[in-house]
Amino acid sequence: MNVNQQPHMASPYGQPQPGYQGYPQPGYGGDNVPSGYPAQYAPYNGPGSAYQQGPPQGYSPYASFPSKTLTTNLVSDLSSSSPLDLGMRGPPTSGAPPVSGAQNYSQFGQGETQNGPPPMVAPPQRPPVSQPYTPAAVNLPGPQPTYGQQYGAPPVSMQQMTNQMASMQVGSTAPSPAGPGYAPQSFPQAPPVSQPPFSTAQVQPGPTQSYGRPLPSTQPSFPRPPLPTSQPSAFPAGPPPTSTPSQLPGVIQPQPPVSQPPPYHSGPPPTSTGFPPRPPFHGMQGLPMTSQGPPMASQGPPMASQGPPMASQGPPMGSQGPPMAQANHILPTQPGMPPGPINTSLSGPPPQPGMQGYPAQQNGAFGQVRGPQPGYTGPYPGQQNYGAPSTAPAPAPAAPKRLDPDSIPSPIQVIEDDKANKGSEPFTTGVRGQAPPLVTTKFQVKDQGNASPRYIRCTSYNMPCNSDMAKQSQVPLAAVIKPLAPLPPDETPPYLVDHGESGPIRCNRCKAYMCPYMQFIEGGRRFQCGFCSCVTEVPPHYFQHLDHTGKRVDCYDRPELSMGSYEFMTTVDYCKNNKFPQPPAFIFLIDVSYNAVKNGMVGIVCQELKTLLDYLPRENPDVESNIRVGFVTYNKVLHFYNVKASLAQPQMMVVSDVADMFVPLLDGFLVNVSESRVVIESLLDQIPEMFADTRETETVFGPVIQAGLEALKAADCAGKLFVFHSSLPIAEAPGKLKNREDKKLVGTDKEKSLFQPQVSFYNTLAKECVAQGCCVDLFLFPNQYVDVATLGVVPTSTGGSIYKYTYFQAPSDQERFLNDLRRDVQKQMGFDAVMRVRTSTGIRVTDFFGSFFMSNTTDVELAGLDCDKTVTVEFKHDDKLSEETGALMQCAVLYTSCSGQRRLRIHNMAVNCCSQLADLYRNCETDTIINYFAKYAYRSILSSPTKNVRDSLMNQCAQILACYRKNCASPSSAGQLILPECMKLLPVYLNCVLKSDVLQPGADVSLDDRAYLRQLVSTMDVAESHVFFYPRLLPLQKLDVESMTLPMAVRDSEERLSRGGVYLLENGLNIFLWVGVSAQQELLQNIFGTPAFSQIDSNMTSLPALDNPFSKSLREIIESVRAQRSRYMKLMVVKQEDKLELIFKHFLVEDKNNNGGASYVDFLCHMHKEIRQLLS
Ligand SMILES: [Zn+2]
């Protein structure tokens, strides 16, 4: 399986084009988009976007915050010394006695703060960065059973479930008119340079110089933004309140009219006759509809035919327990048979006659074709011909002993139900413990006191009151936090709050920041902390009277008193070394060895940078970016470039002593783009020429990062390195690696070593990078094993990203690479960041997942934190929680903005606490649980055999479901599988995680790909992990070009594919266009410009721009799907029955796969067995 859109089995796609010379000009040259860049890769709007924002609904919450407390003098309080530290630690120094939990904060001492106005804590020194963050050994709770993950024969139990079914209708993703890339800049012609007068001297580092614009010591390095205190902070973009910072100009996200599905009826249990009609587009022509009732039933045999009438399958759903927690019953019994042990029915499927019952040519009717298609190997033998018209109304007794896929929980149904239920109303965050809509639902958020689900999603919005309950249920208590998440344009970015020269107001003891959970008392003179209960005096300048309800009268004028998310301006106390930071720098380090030159990468990068440097991140789109840039090329040696504006030509300095890296020049290495534009362009023109004939094949890697790090140190700033690298670094140098690829270790106890770095050098280097705020993004262009597990150590410890373009070929891959690069360079990010999550008494954060470094147990250090990155945190009890107060968390991220401002972003979240297990189960979010489980499992394989990891994960899920069954579901036959409503998709999604390439690889999955995916998943948000594990599959023959809405997705199974159809499948990394052999000629003509299936070129990576509405719509859909993801997805055309189809089928995750991964149906039966064992 190829995870990287590039074949490592060289053949099927991406072959070098014969006769290809060099690389073509990037394709964005022609079309000017006046407003600038983006369109198709929507940098600020991408990843969070399984949601598409709905039309603005008139919400403009604090459009006019009065400008209170506006700040004043930034530099007036430079006296106290404070390192880079959130200042959160310190022993209690005031008020109430310590409560449990507080002692955790004392490790850095220094809580000298007294009650009263100058409460700024000035913790002394940054702790030594000495302890590498060691991921915990695998310790999945619960016993580790020894059953194997073998699912022999397909199950045969006839099970039925009563499941809620609502009518489905599509109304989600809007195709966004894709803008044509960004406008080319016309640069002044660089002087022709044929003989670069490079000096190739080795220059010793001179005295440290400051680059850019050294600031007078009496002034802050940046002006305070000219904003009233309560303006939206500029983070995603610019200070002006009217700008919609999370959007780049030119990114169009049209809000098409969304046809709302009929109201969802959650009340009564569905009955076989109670289905609302499906939308008309299922085109049931030719089906014996009348006998089936509503169209829904035509997707398969009517439910009733599979067993007893649904109403009689179990207790009415409402009686299963609390109203929200409707159980999903799956009866293992066949009609007329007594319930029996499920294992008796797991004995293999009877052969099913009628496999060929597939009706030919039902273009446009995916619902009809359920059986295996001629010429296909079904997911497993004996597959029943479900839903074929001939059998549709078949009576139950004829049904086979096999679980009907339509009777088990359908992800599509759940997704569509959620859209119908929650997609129309804005989600307000003011109600504690309210689970948000799913990530697949488009909704608008109104911040009314808790962080938007775009920033924080929890596994459960009802936390168990005590640890016994938590242990019993085994439901993980975790939050997925995306601190700098981009917002849709109709939502307000966090406001920027300035509490003046004394800094943000905080609890004296636990150092929590002022937030809606602080209770003002004594007429407003003091406040009691919601986290630790300590009472703190209100500084005089912050005093305000209370109203009759005890609220401050200015409550709604202040974001920090009324909103879930906001930012604080910080003081110099929050800055490293007690001085305001310099603006950050970007350093581009380009491999110019033979492979990198030959595959076109060097030329493409240099060409692209000439334009891209005009789009460096900035807070205000009208102002030039403050970010300085520098350039290095390398193979076995490093070449630094002096691009000072005053030079006529760039100068090169070679450092061949890579053992002890230093930066040979200080002045002229990091420069301002506009000032040095001519020199930079000249350099970028010359680099490909200079190395065009290189014969050097060896590279170094460690010294490259060291060079960038040293340059940032010399400039005394944070920044990001963009490393473009092609091969295993075997040249003699620190960090040299050997090829240790050994596939024989896969499946053994030593497999874990393949995911661990082969040398410790990079761990040490990563630590140094983090200390400097040096984030590393790595772009890999390998033709063979490069040891991603080792090369990835620095990126994944510094908040960076890894991109991988295996067998890079310019013609077919440069579009993907360039889009990734553009997005990566432009995206909003914070530098030199530290994140701390505080919790209320009774729980605390015990574990962290993501790309970062930790030198102690509480502070997540991120050299860089971009808008795509998430940190997943896990909570554990250390005391009882109270239903009355709930549980609170506050995530504070201190970071340097791209303009050099030091800011704090605060996200607050309150969830309910419950003393009944049923309440826990009714308010969970499975997508978030899966995000947590995937990260947990993917980290665990570093320390445990993969099989053990899979087994314990499966066991934990079985325990979760068994606990529900035992404690929450009403008594029923032991043979019934009863799933909590909120978790009914847990089995199908869990199976997707278990059989993913990381945990259960096929023979064709490379070790590098596994290491790459492992690292990639560790920073995914919930929307990304959802589509990654359960890809979106859209039947394009259902596309209504008039409506602008996407067709409703179908389940990821081959039996859902119609030979007459064309389908789009995407998982956040890949897009496939699957074409059925019998696809209608008109459809093919519209898409490909040819009516003949045989003439479709499966090597194409983009669709022809044809002048018909269908083609236009489809291309818009593809662009809008791409714009939603943080990585550009290359299009791959897959013709049915073509050899490429094997790759495509790997993503049909409900089916059995070649790696031994179970089908959904089989896995569900297996889970049921596990649960029954736990219950007996
Ligand atoms: Zn406190």
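Side chains included, hydrogens not; waters and symmetry mates left out as well; all remaining heavy atoms used. Counting starts at 1 for both ligands and their atoms, in listed order.
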Centres of the F875 and H877 rings: under 6.0 Å?
-> no
With ring centroids as reference points, do Y574 and F568 lie under 6.0 angstrom apart?
-> no
Separation between OH of Y495 and CZ of R558, rounded to the nearest 0.5 Å | 15.0 Å
Ignoring hydrogens and angles, write down the donor-acceptor pairs under 3.5 Å from the side chains of residues 906-917, residues two or more places apart or on other chains.
unit_1	atom_1	unit_2	atom_2	d
H907	ND1	S565	OG	2.7
H907	NE2	P483	O	2.9
N908	OD1	Q890	NE2	2.9
N908	ND2	G564	O	3.3
N908	ND2	Y566	OH	3.1
N912	OD1	R432	NE	2.6
N912	OD1	R432	NH2	3.4
N912	ND2	R432	O	3.2
S915	OG	E883	OE1	3.2

Protein-derived N, O or S atoms lying less than 2.8 Å from the Zn ion (ligand 1), waters not counted, sum to 4
Short N-O contact, K482 and D866, less than 4.0 angstrom = no
Under the 6.0 Å and 45° cation-pi test, does R454 pair with F443?
-> yes
